[in-house]
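What follows is a set of notes on a single structure, which appears directly below.
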2 protein chains.
Amino acid sequence: MKLSDDKIKTILRQNGCKATPQRLTIIKEFARSDKFLRPADLYDKLKQDHPDIGMVTVYRVLGLLDRLGLVCKVHAGGDCHSYKINTAEHHHHLLCSNCRTVINFPCDEPDLEELEAKITRETGFTIKTHILEFVGYCPGCK
Amino acid sequence: MKLSDDKIKTILRQNGCKATPQRLTIIKEFARSDKFLRPADLYDKLKQDHPDIGMVTVYRVLGLLDRLGLVCKVHAGGDCHSYKINTAEHHHHLLCSNCRTVINFPCDEPDLEELEAKITRETGFTIKTHILEFVGYCPGCK
DNA sequence: GTAGGTGCAAATCGTTTGCAGTACA
DNA sequence: TGTACTGCAAACGATTTGCACCTAC
């Protein structure tokens, strides 16, 4: 995920939010990582170079990104409440339970749609969305 | 899920645990529900008829059931940390986001295995397990 | 200039733990 | 009888909130 200052500023302003230096710093640091992070993980990463940014602000920025649909929650592998930045289409996660790396893969499997159709037929449920995550070890951690 | 007193007692004793009335009450109440419940939800259900049972005991029984593999966590729809009782094989969940009903469906889809194989081939990940949950509205809540 | 954002400290929520008393096996 | 279980209260960690100050626009 690559996000320039300008791009972040544009996104924030388009949503009626101010582009403060704290927000830019937090979002850039978050986007730089290919891991899934808890708020405290992100705060730790920031602390070294930006000791002036408080944990509360990290929470508020993550909450903001969540409301704007720019993050997705990661369930498996972590303790829940982990986040990964996201500007892509609907997709799924491939998680390394050792190093916490996340790889996205697109949700273009016709099989899943067929499974949804089958479930709807058999149970009468109206399916709105789904969660699909795979957990294992990435090539580097094997 | 139907669990008689005797069945619960047997399970507990087989695992070296004492069959106390609190445990029987909590497990029966839990098994009676087809919804996914947070510890507090379960405690609330019990409070009416069993005001003598404390929240701490609910937590300890849920932890015990978790260690025995008799519950599964539900991620979508709730705030995480919701549980559903479970004595079945590996399966997936179909969740009603209105009434919190859970329907299990078996994990016998050959498509999923094929998808896993494909992902392994393309990414080099070793996949250990997965989460798959569908969220929507049950026939009654539509 | 003003609305919105930040940082601190305190409050709050969910969960776990220490300990003394209780009850199952 | 002895060990495991329970309930209370207190501790704990993660997250949210109140408030005074600050700053982007």
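In what follows, chains are A, B, ... by sequence order, proteins preceding strands, each numbered from 1.
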Atom of B/L3, atom of B/K28 and distance for their closest heavy-atom approach: O-CG, 3.9 Å
Interatomic distance, B/R13 CZ vs C/dA23 P [rounded to whole Å]: 17 Å
Nearest-angstrom distance from the residue atom CE of A/M55 to P of C/dA10: 18 Å
Interatomic distance where CD belongs to A/Q14 and C1' belongs to D/dC25 [whole Å]: 16 Å
N/O (side chain, A/T20) to phosphate O (OP1/OP2, C/dT6) under 4.0 Å: yes
Nearest-nucleotide comparison on DNA chain D, the residue closer to the 5′ end among B/I53 and A/V56: B/I53
Whole-Å distance separating the CG atom of B/L64 from the C1' atom of D/dA4: 12 Å
Sugar-phosphate, base or nothing in reach of A/R23, heavy atoms under 4.0 Å: sugar-phosphate
Pairwise 5' ranking along DNA chain D for B/C17 and A/K18, keeping only the more 5' one: B/C17
Any B/R60 side-chain N or O less than 4.0 Å from OP1/OP2 of D/dC5: no
d(CG, B/N15; C1', D/dA4) in whole Å: 15 Å
Between P of C/dT15 and CZ of B/R38, the distance in whole Å: 9 Å
Length of the OH-P vector between B/Y59 and D/dG7, whole Å: 15 Å
Heavy-atom pair with the smallest gap, counting every atom of B/Y43 and B/V58: CD1-CG2, 4.1 Å
Length of the CG-P vector between B/D52 and D/dC8, whole Å: 9 Å
Distance test, side-chain N/O of A/Q22 to OP1/OP2 of D/dA24, below 4.0 Å: no
Sugar-phosphate only, base, or nothing, as touched by A/A40 at under 4.0 Å among non-hydrogen atoms: nothing
Candidates A/L62, A/V56, A/L64 - the one meeting side-chain contact (heavy atoms from CB on, under 4.5 Å) with A/R60: A/V56
Nearest-nucleotide comparison on DNA chain C, the residue closer to the 5′ end among B/P39 and A/V58: A/V58
Any donor-acceptor N or O pair under 3.5 Å, side chains B/H92, A/H130: no
Whether B/R100 side chain and B/L37 backbone form a donor-acceptor pair below 3.5 Å: no
Short side-chain N/O contact from A/T57 to OP1 or OP2 of C/dG7, under 4.0 Å: yes
